[in-house]
Asks: 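What follows is a structure written as structure tokens; I'll ask about it next.
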Amino acid sequence: MNSIAMKPAAKSAPIAAPFHLAGDGGVHRPVAPGHIVLRPERDALAAVAAPDRSFTGRARRWLKLNAHTIRAMLLGALAIGLFILAWHVVTVNRMTFYVRFLNVPSPEQVLESARTAFSTGAFLNHIYISCRRIFIGFALAAVVAVPLGLLMGRFQLLKEFVFPVSEVLRPIPAIAWVPMSIMLWPTNEESIVFITFLGSFFPILLNTLHGMANVDEVLVRAARCLGATERATFREVYFPAVLPQVFTGLTVGMGVAWVSLIAAEMISGQFGIGYFTWEAYSLVQYPDIALGMITIGVLGLASSFLIRIAGRAVTPWSRAK
Amino acid sequence: MAIPATAPARTGLIEVSDFNLAYDTLDGAVIAVSDADLVVNPGEFVSIIGPSGCGKSTLLNAVAGFLKPTSGIVTVDKEPVKGPSADRGMVFQQYSLFPWKTVRENVEFGLKMRGMGKSERAVAARTLLGLAGLSAFEDHYPDRLSGGMKQRVGIVRALATGPKVLLLDEPFGALDAQTRVIMQQILTNLWQRLGISVLFVTHDIDEAIFLSDRIYVMTARPGTIKAEVTVPLPRPRDAALQLSPEFVQLRADLGALIREESLKAMGGELNEDALKGLAVNLNGANLAEVV
Ligand SMILES: Nc1ncnc2c1ncn2[C@@H]1O[C@H](COP(=O)(O)OP(=O)(O)OP(=O)(O)O)[C@@H](O)[C@H]1O
Ligand SMILES: [Mg+2]
């Protein structure tokens with residue numbers, strides 16, 4: 001790409017050795033010690049082939065650049081296909097090893113029950129209610145945990161005060177909070193939202209704190225000697241510096257929020273996708289169990305995906321190559 | 001515009017006197033710098049050289065306002081330094097650009113802190129980036145830049161607010177030799193154009209001679225000023241100057257001073273075997289006795 005020939009300007013360099021221009025190449029002749037042999041100058045531009053701007057050229061380059069992603073997607077689709085096939089085989093043949101697939105619904109049955117479920121408003125309502133609980137609980141957790149983490153990271157005293165409480169409460173799984181939560185809150189709805197809140201709160205707080213601990217001190221110094229006040233340093237340095245880590249916390253928190261929500265709904269709900277799944281078991285509607293599970297999986301996946309998109313949008317500097 | 005005119009600098013007088021700084025550690029106080037005195041006159045380019053760990057960064061950080069001297073005073077234009085301020089621009093050895101800001105936003109940072117309007121500071125930043133040959137990269141994020149470019153942006157960013165003095169702590173330490181030489185030239189150009197005082201820390205003797213009006217040599221820890229040299233070379237300087245007899249002589253003299261201190265600094269760890277082939281003959285004597 002670049003011309004490797006030395007510029008004639010090299011002659012002015014304080015080197016006593018004479019210069020030669022290399023012959024037309026071919027056989028390599030050894031260069032006498034102390035002599036600098038210049039290669040003939042090349043047209044630098046000629047080496048760079050004009051890019052093919054046609055549609056096919058672009059398409060080819062796109063394929064080349066995204067080959068990895070495409071392969072990953074194909075492999076993923078293949079794996080899911082195989083999984084469904086295996087599921088089909090073991091359920092249709094009602095296989096039993098040690099594990100019993102006698103009553104497990106087949107993919108076809110689940111598809112059928114999905115068709116009926118989506119044709120009535122009840123199922124969509126369960127989904128809507130679960131999503132609403134997740135949204136409120138998770139949003140509250142983010143709104144409290146992120147600023148708290150930022151402040152704790154900045155003010156040691158606050159951290160020393162709050163951290164022990166958080167460490168004691170953190171290992172208690174959200175599901176263990178169910179009875180207490182029902183006692184605490186006047187309505188069932190509030191207690192379920194509270195459990196969702198608790199589930200996502202700690203991952204978000206801890207990740208934010210961790211991010212704060214890893215803020216590069218030299219950046220803080222650089223900001224200070226460019227005239228940044230305490231507040232400006234917070235806004236311009238600490239906050240953007242922890243953002244990627246905050247989003248890691250949000251992603252983890254969202255996962256835990258779903259775990260907590262489903263547990264709470266199964267125990268104490270009257271609506272929601274967790275309630276739907278548990279009730280299907282009580283009512284011996286086995287295909288609905290699988291339908292509920294798959295719906296939970298898809299919703300969980302979709303919500304993490306949304307967070308990842310949001311994270312990428314607000315941290316354009318750390319976009320993957 | 002943020003860029004001061006080329007008028008001769010009458011501000012930017014750095015005075016450090018009776019400077020002592022000790023770090024508190026479990027093993028007691030570590031005296032990093034003891035009884036150091038130095039002056040940087042307005043518009044002057046002054047370097048500090050010395051062996052590793054002698055307290056160069058400590059001294060510079062105290063001038064920047066990040067560290068308080070245990071005793072002694074640091075003043076800039078007769079005003080005692082109380083903390084970091086935009087009056088004293090600083091360039092760090094580590095790359096310190098804000099990764100979440102583009103090159104231009106980095107350069108604008110100080111102006112933004114000062115409350116300058118968006119369009120106004122964009123103009124100022126573009127002018128400075130132009131001076132440093134970085135116009136084509138103004139919308140890049142720092143992780144797309146080479147090391148030399150990052151440090152150039154760092155220098156431009158520190159200069160954007162029009163500080164009275166510029167402090168640099170081994171800014172080119174991580175760069176390769178060729179890039180370093182170009183960076184020195186760029187720094188010299190910027191300094192001459194802006195007419196501000198520069199206090200430059202390095203352990204590279206050639207770099208110190210090439211850049212400076214005066215050089216302070218520090219002793220091994222606890223660091224103090226061991227020598228002061230006025231560089232006798234005319235400006236503008238170019239690479240060929242490094243072959244001039246004055247340059248060669250000065251380099252040899254400074255080299256001898258530093259080597260002496262470096263040996264002292266490493267005294268405990270070195271023995272005759274380690275120094276074999278370095279033309280340092282201890283003649284069986286203990287190193288500590290020799291130096
Ligand atoms: N926070 C600290 N606590 C204790 N000792 C320290 C601390 N910072 C620096 N020191 C010690 O103070 C001395 C001076 O450090 P300083 O960083 O100023 O040296 P330096 O001349 O900049 O070295 P280098 O050339 O390696 O950058 C060193 O011996 C170092 O070990
Ligand atoms: Mg240092």
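By convention in this document, chain letters (A, B, ...) are assigned in the order of the sequence lines, proteins followed by strands, and residues within each chain are numbered from 1.
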Asks: Just jot down the side chain to side chain donor-acceptor pair (under 3.5 Å) partners of B:Arg237, sequence neighbours excluded, or say none.
Replies: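 Side chain to side chain donor-acceptor pair (under 3.5 Å) list for B:Arg237, sorted by chain: empty.
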Asks: Any pair with a residue in residues 89-105 of chain B that passes salt bridge (charged side-chain N to carboxylate O under 4.0 Å, His left out), sequence neighbours left out, goes on the list, sorted by first then second residue, please.
Replies: A:Glu236-B:Lys101, B:Arg104-B:Glu108, B:Arg104-B:Glu138, B:Arg104-B:Asp139
Asks: What is the minimum heavy-atom distance between A:Leu219 and B:Phe98, and which atoms define it?
Replies: O-CE2, 3.5 Å
Asks: Is it true that atom NE2 of B:His140 has more than 12 heavy atoms of other residues, nucleotides or ligands lying nearer than 6.0 Å?
Replies: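 Above 12, so yes.
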Asks: Any salt bridge (charged side-chain N to carboxylate O under 4.0 Å, His left out) pairs touching residues 146-167 of chain A, not counting sequence neighbours?
Replies: A:Arg154-A:Glu230, A:Glu167-A:Arg170
Asks: Between A:Ala232 and B:Met113, which heavy-atom pair has the shortest distance, and what is it?
Replies: CB-SD, 3.5 Å
Asks: For residues A:Cys225 and B:Phe66, determine if any side-chain heavy atom of one lies less than 4.5 Å from a side-chain heavy atom of the other.
Replies: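 SC-SC contact between A:Cys225 and B:Phe66 confirmed.
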Asks: About how many Å separate CE of B:Met90 and CZ of A:Arg224, when rounded to the nearest 0.5 Å?
Replies: 14.5 Å
Asks: Which answer fits B:Ala239, side chain, backbone, both or neither, if we ask what part of it has an atom under 4.5 Å from a heavy atom of chain A?
Replies: neither
Asks: Non-hydrogen atoms of chain A under 4.5 Å away: do they reach the side chain of B:Asp87, the backbone, both or neither?
Replies: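 Answer is neither: B:Asp87 stays 4.5 Å or more from chain A.
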Asks: Go through the atoms of B:Arg144 and report whether side chain, backbone, both or neither lie under 4.5 Å from a heavy atom of chain A.
Replies: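 For B:Arg144, neither part sits under 4.5 Å from chain A.
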Asks: Pick one of side chain, backbone, both or neither for A:Arg231, based on which atoms fall under 4.5 Å of a heavy atom in chain B.
Replies: neither
Asks: Listed by residue number, which members of residues 73-85 of chain B have a heavy atom under 4.5 Å from any heavy atom of chain A?
Replies: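 Within residues 73-85 of chain B, the residues under 4.5 Å from chain A are B:Pro84, B:Ser85.
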Asks: Around atom CZ of A:Phe234, are there more than 12 heavy atoms of other residues, nucleotides or ligands at under 6.0 Å?
Replies: yes
Asks: Other residues, nucleotides and ligands only: do more than 12 of their heavy atoms fall within 6.0 Å of CZ on A:Phe161?
Replies: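 Not more than 12 within 6.0 Å, no.
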Asks: Verify the neighbour count for atom CG of A:Leu157: are there more than 12 heavy atoms of other residues, nucleotides or ligands below 6.0 Å?
Replies: no
Asks: Is there a side-chain contact between B:Asn61 and A:Arg221 (heavy atoms, below 4.5 Å)?
Replies: yes
Asks: B:Leu167 versus chain A, heavy atoms under 4.5 Å apart: side chain, backbone, both or neither?
Replies: neither
Asks: In terms of heavy-atom contacts, does CZ of A:Arg61 have more than 12 from other residues, nucleotides or ligands at under 6.0 Å?
Replies: yes
Asks: In the structure I gave you, are the side-chain heavy atoms of B:Tyr141 and A:Pro316 within less than 4.5 Å of one another anywhere?
Replies: yes
